[in-house]
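Order of the sequence lines sets the chain letters (A, B, ...), proteins ahead of strands, with each chain counted from 1.
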Amino acid sequence: MALSTKPYKGARDFYPEDKRLQKYMFAKWRTVAERFGYEEYDAPILEPLDIYLAKTGEEIVNEQTYSFEDRGGRKVVIRPEMTPTVSRMVAAKRQELAYPLRWYSIPNLWRYERPQRGRLREHWQLNVDIFGVAGASAEYEIINLVDSMFKEFGAKSSMYEVKLNSRKLMDYALSEYLGLNKTQSHDVAKLIDRMAKMERSIFLKRVDAAISAKAREAGVVEKLLALLETKQLSKLPEELAGLESVKELQSTLDLLSKNDITNTTFDITIMRGFDYYTDIVFEVFDTHPENNRSMVAGGRYDGLVGLFGVAPVPTVGFGWGDVTLANFLELHHLLPDFESETDVYIALVGDVIADAQKPIAQLREAGINVAVELSGKKLGDQFKAADKKGLKQVLIIGQDEIKAGAFTLKNLETSKETKGDIKTLSKLIKA
RNA sequence: GCGGGUGUAGCUCAGCUGGUUAGAGCGUCGGGUUGUGGUUCCGAAGGCCGUGGGUUCAAGUCCCAUCACUCGCCCCA
């Protein structure tokens, strides 16, 4: 029985061409994050189980994570997300860190579930968080940063849209404005979250099922549907319009539009599945009809750091997966042609390996990435090899060249050959 | 956990209503004379048709099971 060459289910091998794409995406993420003053951090891939139990249900952790017991009987989890980890790190140094704290990371995350398009068991996810700012300026900065990242990848505003809402607003609307109890609120919230993916009739049926007969008779369904039709903050019912969260939403939108970020809108159906969000939540959607999915998701979670026994720290952050980004870039034709990291290929003619070392070392000292053909193949085959590797320049070294101290550099794209010493050719290779 | 789809060469696939030694393109390897690639020409290797069972004179083709992959649902970090 031969061993399988396939990678583990739902996980990927990164061959050099795949790794080049990943390096490209990560480099742009890092560039923009650092342009906004964010610092990179990292942490172990294993975390104790209980930091996830604290904020979600036990079932999710057991069924959807890779968890096991170590040899010392400790229950551990391969991290499924970064937010609890970064909250733990901030809590550990709560007193000594300088706020506002701006941190980012690109962790590899694992979840145990059935793979499907755009959703694997393993992915890399950019996490950006700002700690210590309670007001809308934090939301503004985070969304502004996301927007800058999209632009850095060459995306136009028309290719994506940011949708904003507030969990506090929705909690108040469901419990106070509509008068639903806790269970009903929770169920209806989940339904609103999935509303866009559901047929209208099914949605209505499920809403009916989620609320009590008494509430139905009181006209709650009609009130809810009217509320969900609201497209602008200014059109909210008076009872809701005065909420602090609505003001926060409005000032976030104002700041963004003043900075010419106009593809951001209020969307009352954005809920986010997770319970740790405390106020404003947002998602970024691809506007392409074939990929109408959420790519970036985030919001404010003021309570998480406090779970570690220190005074709470207001926090806004988001996550952005590498798979969804790659899908987006591909669909919008935003991927550049990736080139090899190697600048020049050395073709050796005859048994000159010993004498060739000096010029090769000189090239490397000049900062040039050099790969040497060691196969001893015919010169023509060495050219083939260089071409197959996608290399554009080949330097020929044989007895004649070593004696003369002059080498031949061939550009495979133009077929042009240039003769000269290493110093001259070095400049040419770099150009 | 629940549904749908698909398994034929390294890859993408063709194989009509079951009928002899299973095909193509791309890729790989070799060659077109000894220091020049990519284009072109010639040639070669490579498949228990996912696996197991069944129907039949005869199965890549039909039936059942199983596994794998894939797309949805559930869930969404």
Enquirer: Does A:Lys190 place a side-chain N or O at less than 4.0 Å from the phosphate oxygens OP1/OP2 of B:rC75?
Expert: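 False: A:Lys190 side-chain N/O out of range (4.0 Å or more) of B:rC75 OP1/OP2.
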
Enquirer: Starting at the 5' end of RNA chain B and moving along, which residue's nearest nucleotide shows up first, A:Gly10 or A:Arg194?
Expert: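 Comparing both residues, the 5'-ward one is A:Gly10.
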
Enquirer: Rounding to an integer number of Å, can you tell me how far A:Leu120 CG sits from B:rC69 C1'?
Expert: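 Rounding to the nearest Å, CG of A:Leu120 and C1' of B:rC69 are 13 Å apart.
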
Enquirer: Pick out which of A:Phe150, A:Tyr160, A:Phe26 makes a ring-ring contact (aromatic ring centres under 6.0 Å, His included) with A:Trp320.
Expert: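 Going through A:Phe150, A:Tyr160, A:Phe26 one by one, the ring-ring contact (aromatic ring centres under 6.0 Å, His included) with A:Trp320 is satisfied by A:Phe150 alone.
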
Enquirer: For A:Tyr345 and A:Glu373, which heavy atoms make the closest approach, and how far apart are they?
Expert: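 So the minimum-distance heavy-atom pair works out to OH-OE1, 2.7 Å.
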
Enquirer: Does CD in A:Glu330 sit with more than 12 non-hydrogen atoms of other residues, nucleotides or ligands closer than 6.0 Å?
Expert: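 For A:Glu330, atom CD is not crowded (no more than 12 foreign heavy atoms under 6.0 Å).
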
Enquirer: Regarding A:Glu40 and A:Arg30, does a basic nitrogen lie under 4.0 Å from an acidic carboxylate oxygen?
Expert: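 Answer for the salt bridge query: yes.
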
Enquirer: Write out all pairs satisfying ring-ring contact (aromatic ring centres under 6.0 Å, His included) with one or both partners inside residues 296-317 of chain A, taking only residues at least two apart or from two chains.
Expert: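 Those involving residues 296-317 of chain A are A:Tyr276-A:Tyr301.
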
Enquirer: Determine whether A:Phe153 and A:Tyr24 make a side-chain contact, defined as any pair of heavy atoms from C-beta on separated by less than 4.5 Å.
Expert: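 Heavy-atom side-chain distance check passes, below 4.5 Å.
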
Enquirer: Is a donor-acceptor pair below 3.5 Å formed from side chain A:Arg119 to base B:rC76, judging by atom type as modelled?
Expert: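 Check passes, donor-acceptor contact within cut-off.
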
Enquirer: I'd like to know if the side chain of A:Thr252 pairs up with that of A:Glu139 as donor and acceptor (distance under 3.5 Å, no hydrogens or angles considered).
Expert: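 Not at all, the side chains of A:Thr252 and A:Glu139 share no donor-acceptor pair under 3.5 Å.
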
Enquirer: Mind checking what makes side chain to side chain contact (heavy atoms under 4.5 Å, CB included) contact with A:Thr414, not counting sequence neighbours?
Expert: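 If we apply the side chain to side chain contact (heavy atoms under 4.5 Å, CB included) test to A:Thr414, skipping adjacent residues, the hits are A:Asn411, A:Lys416.
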
Enquirer: Which part of the nucleic acid, if any, lies within contact of A:Arg293, taking any heavy atom under 4.0 Å across all strands shown: a base, the sugar-phosphate backbone alone, or nothing?
Expert: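 No contact.
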
Enquirer: State whether the side chain of A:Arg293 and the backbone N or O of A:Phe285 hold a donor-acceptor pair below 3.5 Å, judged by distance alone.
Expert: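 Absent.
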
Enquirer: Dot-bracket, 5' to 3', for RNA chain B please: Watson-Crick or G-U pairs under 3.5 Å, [ ] where pairs cross earlier ones, | where the partner sits on another strand, dots elsewhere.
Expert: (((((((..((((.....[...)))).((((.........)))).....(((((..]....))))))))))))....

Enquirer: Please give, in whole Å, the distance from B:rC76 P to A:Leu191 CG?
Expert: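 Interatomic distance, CG of A:Leu191 to P of B:rC76: 12 Å.
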
Enquirer: Has the side chain of A:Gln393 got a donor or acceptor atom that lies under 3.5 Å from a matching backbone atom of A:Ile429?
Expert: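 Pair found, side chain donor or acceptor close to backbone of A:Ile429.
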
Enquirer: For B:rC69, does OP1 or OP2 lie under 4.0 Å from any side-chain N or O of A:Lys6?
Expert: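 It does not, given that no N or O in the side chain of A:Lys6 lies less than 4.0 Å from OP1 or OP2 of B:rC69.
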
Enquirer: Hey, which sits more toward the 5' end of RNA chain B by its nearest nucleotide, A:Ala297 or A:Ala385?
Expert: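 Nearest nucleotide further toward 5': that of A:Ala385.
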
Enquirer: Rounded to the Å, how far apart are A:Asn411 CG and B:rG37 C1'?
Expert: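 About 12 Å, once rounded to whole Å.
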
Enquirer: A:Asp129 CG to B:rA77 C1': how many Å, rounded?
Expert: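 Answer to the nearest Å: 13 Å.
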
Enquirer: Determine the Euclidean distance between corresponding P atoms of B:rG31 and B:rC69; express it in Å to zero decimal places.
Expert: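 Per the computed distance, 40 Å lies between those P atoms.
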
Enquirer: Distance check needed: B:rC76 C1' versus A:Met82 CE, whole Å only.
Expert: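 Checked: the CE to C1' distance equals 19 Å.
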
Enquirer: Rounding to the closest angstrom, what is the interatomic distance between B:rG5 and B:rC41 at atom C1'?
Expert: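 43 Å, rounded to whole Å.
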
Enquirer: Answer yes or no: does atom NZ of A:Lys389 have more than 12 heavy-atom neighbours from other residues, nucleotides or ligands under 6.0 Å?
Expert: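 No, not enclosed.
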
Enquirer: Would you tabulate the nitrogen or oxygen pairs shorter than 3.5 Å linking the protein to nucleotides 2-9 of chain B?
Expert:
| unit_1 | atom_1 | unit_2 | atom_2 | d |
| --- | --- | --- | --- | --- |
| B:rC2 | N4 | A:Arg114 | NH1 | 2.8 |

Enquirer: Could you give the distance separating B:rG60 and B:rG54 at their P atoms, to the nearest angstrom?
Expert: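 Each nucleotide's P atom is 15 Å from the other's.
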
Enquirer: Could you measure between the two P atoms, the one in B:rU56 and the one in B:rC63, and give it in whole Å?
Expert: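 Nearest-Å result for B:rU56 against B:rC63 at atom P: 16 Å.
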
Enquirer: B:rU70 P sits how many Å from A:Arg117 CZ, rounded?
Expert: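 After rounding, the reported distance stands at 13 Å.
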
Enquirer: Work out how far the C1' atom of B:rA68 is from that of B:rC74, and round it to whole angstrom.
Expert: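 After rounding to an integer number of Å, I get 23 Å for this pair.
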
Enquirer: For A:Gln116 and B:rC71, give me the distance from atom CD to atom C1', rounded to whole Å.
Expert: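 Nearest whole value for this atom pair: 8 Å.
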
Enquirer: Pick the C1' atom in B:rA9 and in B:rC76, then give their distance to the nearest Å.
Expert: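 Per the computed distance, 40 Å lies between those C1' atoms.
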
Enquirer: Take atom C1' in B:rU6 and the same atom in B:rC49, then report the distance between them in whole Å.
Expert: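 My reading of the C1' atoms in B:rU6 and B:rC49 gives 14 Å.
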
Enquirer: For the C1' atoms, the ones on B:rU28 and on B:rA65, what distance do you get once it is rounded to whole angstrom?
Expert: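 The same atom, C1', in both gives a distance of 38 Å.
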
Enquirer: Indicate, yes or no, whether a donor-acceptor pair under 3.5 Å links the base of B:rG37 to the side chain of A:Asp387.
Expert: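 Yes, a donor-acceptor pair under 3.5 Å.
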
Enquirer: What residue pairs, at least two apart or across chains, pass salt bridge (charged side-chain N to carboxylate O under 4.0 Å, His left out) with a residue in residues 302-323 of chain A?
Expert: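 Residue pairs with at least one partner in residues 302-323 of chain A: A:Arg12-A:Asp322, A:Arg300-A:Asp302.
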
Enquirer: Give every pair of a protein N or O atom and an N or O atom of nucleotides 28-36 of chain B that lie under 3.5 Å apart, one pair per line with the distance.
Expert:
| unit_1 | atom_1 | unit_2 | atom_2 | d |
| --- | --- | --- | --- | --- |
| B:rU28 | OP1 | A:Lys388 | NZ | 3.4 |
| B:rG35 | O6 | A:Asp400 | OD2 | 2.7 |
| B:rG35 | N1 | A:Glu401 | OE1 | 3.2 |
| B:rG35 | N1 | A:Glu401 | OE2 | 3.0 |
| B:rG35 | N2 | A:Glu401 | OE2 | 2.7 |
| B:rU36 | O2 | A:Lys410 | NZ | 2.9 |
| B:rU36 | O2 | A:Glu417 | OE2 | 3.1 |
| B:rU36 | N3 | A:Glu417 | OE2 | 2.7 |

Enquirer: Please give, in whole Å, the distance from B:rC67 P to A:Lys9 NZ?
Expert: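 Distance check: A:Lys9 NZ to B:rC67 P gives 12 Å.
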
Enquirer: If the plane angle is over 60° it's perpendicular, under 30° parallel, otherwise tilted; pick one for A:Phe328 and A:His332.
Expert: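 Rings of A:Phe328 and A:His332: tilted, as their planes differ by 30° to 60°.
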
